[in-house]
Each structure stands twice: as C-alpha cells, then as structure tokens.
Undergrad: 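Got a structure for you, written out below as structure tokens; questions coming shortly.
To find a chain, count down the sequence lines: A is the first, B the second, and so on, and within it residues start at 1.
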Protein chains: 4
Amino acid sequence: MRHEKVDIIFQAAVQVFAESGFDQAKMDDIAQAAGVAKGTIYYHFKSKEELFSALMDEGIGNLIDYAKRNISLHSNPIEQLHALVHAHIQFFIENKKLAKLLLSEAFGTKERQHQFRVRILEYIRLIENILRDGIQSGDLSIVHPHEMASAIFGAASILVLHKIYSLEGQEKEMEESANVMEETVRHLLFNSLMNK
Amino acid sequence: MRHEKVDIIFQAAVQVFAESGFDQAKMDDIAQAAGVAKGTIYYHFKSKEELFSALMDEGIGNLIDYAKRNISLHSNPIEQLHALVHAHIQFFIENKKLAKLLLSEAFGTKERQHQFRVRILEYIRLIENILRDGIQSGDLSIVHPHEMASAIFGAASILVLHKIYSLEGQEKEMEESANVMEETVRHLLFNSLMNK
Amino acid sequence: MRHEKVDIIFQAAVQVFAESGFDQAKMDDIAQAAGVAKGTIYYHFKSKEELFSALMDEGIGNLIDYAKRNISLHSNPIEQLHALVHAHIQFFIENKKLAKLLLSEAFGTKERQHQFRVRILEYIRLIENILRDGIQSGDLSIVHPHEMASAIFGAASILVLHKIYSLEGQEKEMEESANVMEETVRHLLFNSLMNK
Amino acid sequence: MRHEKVDIIFQAAVQVFAESGFDQAKMDDIAQAAGVAKGTIYYHFKSKEELFSALMDEGIGNLIDYAKRNISLHSNPIEQLHALVHAHIQFFIENKKLAKLLLSEAFGTKERQHQFRVRILEYIRLIENILRDGIQSGDLSIVHPHEMASAIFGAASILVLHKIYSLEGQEKEMEESANVMEETVRHLLFNSLMNK
DNA sequence: CATGAATGAGAATTCATTCAT
DNA sequence: AATGAATGAATTCTCATTCAT
C-alpha cells in the first residue's frame, strides 16, 4: 500500500492543479492543502513535474481501467461502444477536475505533455480496437477507424467539458445532463443526422 | 489600418504563445521574435493577458468569419454542414498554432479564459443554428441541437489536433490527411457507424 | 513673459507632484494633465529633476516674496514677527500642495533636495533676521536666534500641515482654522505656556 | 523572541530606507546590506511596503515608549513637558535616520502614509495630554491644546532635523548642539520671546 | 521521515528619456 | 515648436528547489 502521506499529497495536488493548471499551481498551495510541509512533497516527489505526471498518469490510468471494465461486460462491439460512451461520460462527470486537465495540459512541447499524449493515445487505441472488432465482425462500417476513434474521443470529451462549464455550480443539473449527453453521442454514432 | 508594429507583435506573439502556452511564454521572447524592445509591446498592450486576449479574440474571430463565409455559399442546411466541417478542418490545419491554443487555453478560471469560452460558445451557436435550420426544414433529425453542436465541434477539433501531433514535422502528409479527416467527420454526421 | 506652454506645464506639474511626490509622479501624467505631449515637456525642461527643481524654486520663491512683502509693511520686529506668522500660515493654506512637497521633499541626499534645503535656509534666515533685529532693538530676548528661527518655521509648518490632513476635504473649516493656528503660534511666541 | 533574520533585515532596511527614502530604496540593496538573499526578505515580509510599515511602526513605537518612560518619571505637567522635550530631542539625535523618514514619509496619499500619520497623531496626543493635565491643574494656560501639541512637535522635530543637515558629518558638534536645541524649545515654551 | 527557512534565477511591468517626423 | 512611438535599464515580486535540523 502506498505511503499514507503520498495519498494525501495526491488528493491535494489534483485539487490545486485542476484549479489553476500546471503552471499557475504552486507547491506551497499543494503543501498547504495537504497539510504537510513543502519539504515533505519533495521528499516523496522529485519535482513539480514528477508529481504532476504521476498524478495525470494515475488519472488517465483510472479512466482506461474504468472504460475497460465497462467494455468487458459486453462481447458485442456495438454494445461495447455503448458501454464505452457511458463510461467516458460518467468518468468525466465524476472527475471534472481531471477532465479539465486532460484537455488543457495535453497539448504542448514539454516532455510531460508528450508522455501525457502517449497515454491518451492508449485510450484512443482502446476505442479504435472496438471499432476494428466491429468492422471485423461486420457490425460496423468505418473507413478510418483510428481517426474515427479520435473523433469520438473528442466529441464525448468536449461535450462533457462544455457542459461542466455551462453548468458550473449547478451540481444537480449535471446528473440530469448525463443522459442528454449520452443520447447525443449515441445519436451521432448510431444514427445519421439526416432525416431518413 | 492597424499600426504596423502591432501587427508585427501579433505575428510574433502567436508563434511564441503557441510554442509554449500562455504561462510559459515570455514577453522577452515575443519582443525578440518581433524584433522590437519589450517596452514597445507594453506601449501597445497593457499586459501579457491583454496581448493574449487580443490575439485569441482575433484568432477565433477569423475562425468564425471563415466558417460563416463558407456556410453562406450554401442555402441547404446539409450542404452548410458539409461546408462548416470543411472550413473547420481547413482552418485548423492552416492555423495549427491557434488550434492548439484554442483547446489548451480555453479551460480555467481566469477571466481571460472565461472571455475566451464565450467566443467559442459563439462559434458553437453558429453550428447549432445550422442544425436548428435543418430540423426546421425537416432535413435533419436531432434531439439536442446544442449538445450536438458542441459534440461536432469537439469531434472535428480533437481529430485535427490529434493528427497535428501525430504528424508533427510531416507537412505534406497533413494535406492528404485533410480528406481523411473530412470523410471521418462526414461519416460520423451523415451515416450510422452501424452496417445497415 | 514666459512661454505659454511652460506655464501650463508648471500648473500641471504642481498638481501631479503634490499628488504623488517626486518619485511616484509620472511624466506621462504631467503631460496628460497639461494637455501636451510628453515630448513637449522635454522640449522645455531637460529632465524630470529640472522641472521639479524649477517648480519648487518658484514655489519657495513665492513664499519668500510673500513673507517679505508682509514683513515690509511693518518696521517693529514684533509686528514683523506677527506679520510673518500670518503670512506663513496663509501661504501654506493657499498652497497646500506646495506645503506638502516642501516638507516631504526637503530631506534626502539628492542634489535637488540639497538645493531645496538651501532655499528653505534662505527663508529661515529671513525669520532669523527679524529675531536679530528684535534683539538688537531690545524688543526680543532670544539666546539662539538661528535655532529659534528654525523652531518657529517647524512649529508653523507642521501645525498647518497637520491641520491640512486632519481637515482633508473640509475646505470651509480650514479657513476658520487659520485663526486658531495663528493664535496658537502667537501664544507660543509671545506668552509663556506657564500660568503667570 | 523575534526571528534573528528579521532583525538583521530590519537593521539593514532602516539604513537603506533612510539613505534614499521609500521610493529610491532598492530591495536589492536592503538584501545586500542585510547579507541575505532577496527572497529571504520576501519570505518574512509580504512586500516592500509592509517591510517599510513594520519598520516605521516599530520606530515610532520606540519614540512613544521612550517619551512615555521619560514623562512617567515626573508627576508635575511642567516637568513632564521638560522631560518630553528632552526625550524628543535625544531620540531624534540618536535615531537620525528614523527622524528623516518620520518627516519625509508622513505626507502623502498612500495607505502606508496614512497609517503612519495615525501613529504620529498618537504621539501628538501624548503631548496634548500633558498640556491638558497642566491646564487642569492650573499650571499651564493654553487655549488650543491640540494645535499647541502639534506646533511643539513641529518645532522640536524640524529644529533637530535642520541641525542634522547643517552638521552633517560632524558627530561631535551634534552632542553639544543638543543643549542649545533643548534650551531653544524650552525658551519657546516657557518664556515669551518678548523682553519683559 | 518531516520540516520550513533560505535561496536566487527569473519574469512582468514601469517609465524617464530620446528622436525621427 | 511639438509630437508620441519606441526604447531598455531598472525593479519588484514569485516560486521551485534545497538542505540543515
């Protein structure tokens, strides 16, 4: 089991990083939020970058695990796709802070950002694999599965994030919105927008 | 006509901001890139924030204008949607740096980020209006046009951005990819992923 | 006659310098207050220091002239002392901004501050001369006339300045206070504080 | 007991502030004079303003304490007044740098300057109270005790300050001057300048 | 393991002054 | 005479990181 303090620091760090982004986040604030001395953070993490990376790595790992778990409940690619959409939206709603960081800290030239995109790619590959399975099995008809996976990732992610900001502070409405958002993505995937 | 120096500073600022993001960008670098003294930037812009905001405002304004121009060439909502997808992807490809900033600097609690999301919302409304026109005319069948607009925005944006990073440094391949990406988004919009 | 613009700049400069003190005063603000371009100030004055010095020199010159004029109306040293006290207090009340600068910018190691103290000394000598005349004529009994002159200068100056700040924004009360202040200084000079 | 470094910084700050005044004083110089890194100052004080305010507050606090201690040795208002004059002049001579700052940084619109005047007022009230006690006991005859207190403060302060500048660099003469100055102020208070 | 005082390399911003027009 | 855009040296303040205790 991970050292207790590490967990406390982790909790605090998500809050602070999500509040302000990587650059604006201050180690002082993280220390204060965690209720430990600044030196203690440095005892457990080599640097701010390392703390952040560890954090994001765990975060996106959780997303991937959660998605995998939901997918594995089904064997049919179409049902798996449904499950993935559900999982993605739920996870983003339950991890709003991580969701913000996921998009805002993914683009850039820093090594940490590159590492980060590698993990996102891993998640997109997960989607892509479902698509490829569906094509294989004849259930799905997709020309560019990789691009399609990334488009699906973008549609679902931005949709939730957009909603998070427009419903800022209205926790209740968010839950109701979850259905609307799932419906929207499903409609996009499984129906043509065209009437008939 | 805008003052010449302001334009030079603008050009330099896009480069530098896109290279490093708002926080990492240094006014020194912008000044150097622009070939002016640091003070000159401050003579024209009150602060780094203001420079950035002016920049992003113009950038997203260009995106909106470009999209509107493309849309206005058609009167049929479905053709307009096609045009919008085309415009969006082309604009992102031709303004890669802006595209990165568009997504990475939109989420946060800073006033500038809020202002920025307001402008993005304006663009999403543009999409939403096409969808509503299509519903009205009976051409489209969409339950939640606002959510759908934001999903479309997300799909197209992340798709291009993802491609920008995976093709980093391969300018030629990017152009070819444009078609693949447009096809992907069109497929998502106008076909079901399901085989028949 | 002095160039018209110089006068305009002078007027503006007193306001701004008094508002913020030498260091905090900005040439930009003076230019704006004067309604001229910043370059124009530099056309007429070599530097901020020179503008300030010219200003203070004129200001203290006015004080000295005003005091001399009032003194010269009397030939008796005691009446002259009365006249001086009256003039001093009146001048400080009518030139509040100059009064503030007079005390706050007089102490320091800068050449301008030294020049400034030289002029104040000139004023103190004026008081001292009245005292010496009074000693000579047997009207006054003072052991250290120079020190006494400087003490009188301090008493009257600080008294008015203290009142200026305590009555900030109450123009009317200031006028009434003038009498109280004159009485106070006269009492200090011509009576013992001791009862009988 | 205050942290050792804080004291060192305090010592250095008085020197530097008095040398150049608030605005011209550089944090770099204070740091160098204190033999600490610039960051260390900011670790202990939020800003230059706060450091200065803390400094002046302590300084004028010392003056008040010193005066009170001297006054409390006597019960007769007249003797107390003598003691106060003695204390004031001694304190100004022994704290020349503070004395300069006391007068030059008291006038202005900055919050710190306002705070500062509040403390000076506290000192003037101390004088005023002695005067009121004397009136009460019938020892003194004063019409406007508050104004008189402020005039006394001004007379003694400016007298010493004027002397400090005229004897710059002649430490020995200063001590001798102390008597002359005390005599002058006492004469002002307890005798009429008029001969008989 | 934990602490928090101390550090110092930056970075944003300011503003007197210059000078081409 | 007057202008105001441009400059760049100077200065405050920040904050990740270190290290002695």
Undergrad: With nearest nucleotide decided by heavy atoms, which residue, A:T40 or D:H44, maps closer to the 5′ end of DNA chain E?
TA: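 First, find each residue's nearest nucleotide; the 5'-ward one identifies A:T40.
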Undergrad: Nearest whole angstrom, please: distance from the C1' of F:dA16 to the CZ of A:F52.
TA: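 The distance from CZ of A:F52 to C1' of F:dA16 comes to 16 Å, rounded to the nearest Å.
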Undergrad: Can you list the stems that include DNA chain F, where a stem is three or more consecutive Watson-Crick or G-U pairs with distances under 3.5 Å?
TA: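 Detected stem regions: E:2-21 with F:2-21.
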Undergrad: When you measure from the side chain of C:K96 to the backbone N and O of C:A18, does any donor-acceptor pair fall under 3.5 Å?
TA: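 Absent.
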Undergrad: Between atom CG of B:L55 and atom CZ of B:F17, what is the distance when rounded to the nearest 0.5 Å?
TA: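 Interatomic distance, B:L55 CG to B:F17 CZ, rounded to 0.5 Å: 6.5 Å.
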Undergrad: Distance check, rounded to the nearest 0.5 Å: C:I120 atom CD1 versus C:L63 atom CG?
TA: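 Between atom CD1 of C:I120 and atom CG of C:L63 there are 9.0 Å.
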Undergrad: Among E:dA6, E:dA2, F:dA2, which is the nearest nucleotide to the side chain of A:K5?
TA: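 Nearest listed nucleotide: E:dA2.
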Undergrad: Separation of C:D29 atom CG from E:dT14 atom C1', in whole Å?
TA: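 It works out to 12 Å between those atoms.
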Undergrad: Taking all non-hydrogen atoms of both residues, which atom of B:Y165 and which atom of A:G108 are closest, and how far apart?
TA: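 Minimum heavy-atom contact is OH-N, 3.0 Å.
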Undergrad: With a 3.5 Å distance limit and no angle check, can you tell me whether B:Q24 reaches the backbone of B:G21 through a side-chain donor-acceptor pair?
TA: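 Here the side-chain-to-backbone pair does not exist.
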Undergrad: Would you indicate whether the side-chain heavy atoms of C:E58 and C:N62 approach each other to under 4.5 Å?
TA: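 A side-chain contact under 4.5 Å exists here.
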Undergrad: Rounding to a whole Å, what distance do you find between C:F45:CZ and F:dA2:P?
TA: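 Value for this atom pair: 12 Å.
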Undergrad: Throw together a table of side-chain donor-acceptor distances under 3.5 angstrom for residues 27-35 of chain C, partners on residues two or more places apart or in other chains.
TA:
residue: C:D28; atom: OD1; partner: C:K38; partner atom: NZ; Å: 3.4
residue: C:D28; atom: OD2; partner: C:K38; partner atom: NZ; Å: 3.2

Undergrad: Does the side chain of C:L102 come within less than 4.5 Å of C:F116's, by heavy atoms?
TA: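 When only atoms from C-beta onward are counted, C:L102 and C:F116 do touch, with a gap below 4.5 Å.
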Undergrad: How far, in whole Å, is E:dC1 from F:dT21 if one measures between their C1' atoms?
TA: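 Each nucleotide's C1' atom is 13 Å from the other's.
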Undergrad: Looking at B:K100 and B:E105, is any side-chain nitrogen of the basic one under 4.0 Å from a carboxylate oxygen of the acidic one?
TA: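 A salt bridge is absent here (no side-chain N lies under 4.0 Å from a carboxylate O).
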Undergrad: Starting at CD1 of A:I9 and ending at P of F:dA16, how long is that distance when rounded to a whole Å?
TA: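 It is 15 Å, rounded to the nearest whole Å.
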Undergrad: Could you tell me the separation between the CD atom of A:E4 and the C1' atom of E:dA2, rounded to a whole number of Å?
TA: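 Rounded to whole Å, this separation is 13 Å.
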Undergrad: Counting primed atoms plus P, OP1 and OP2 as sugar-phosphate and everything else as base, spell out the protein contacts along nucleotides 16-21 of chain E at 4.0 Å heavy-atom distance: B, S or - for each nucleotide, 5' to 3'.
TA: SBB---
Undergrad: Rounded to whole angstroms, how far apart are CD1 on D:I41 and C1' on F:dT14?
TA: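 The answer, rounded to whole Å, is 14 Å.
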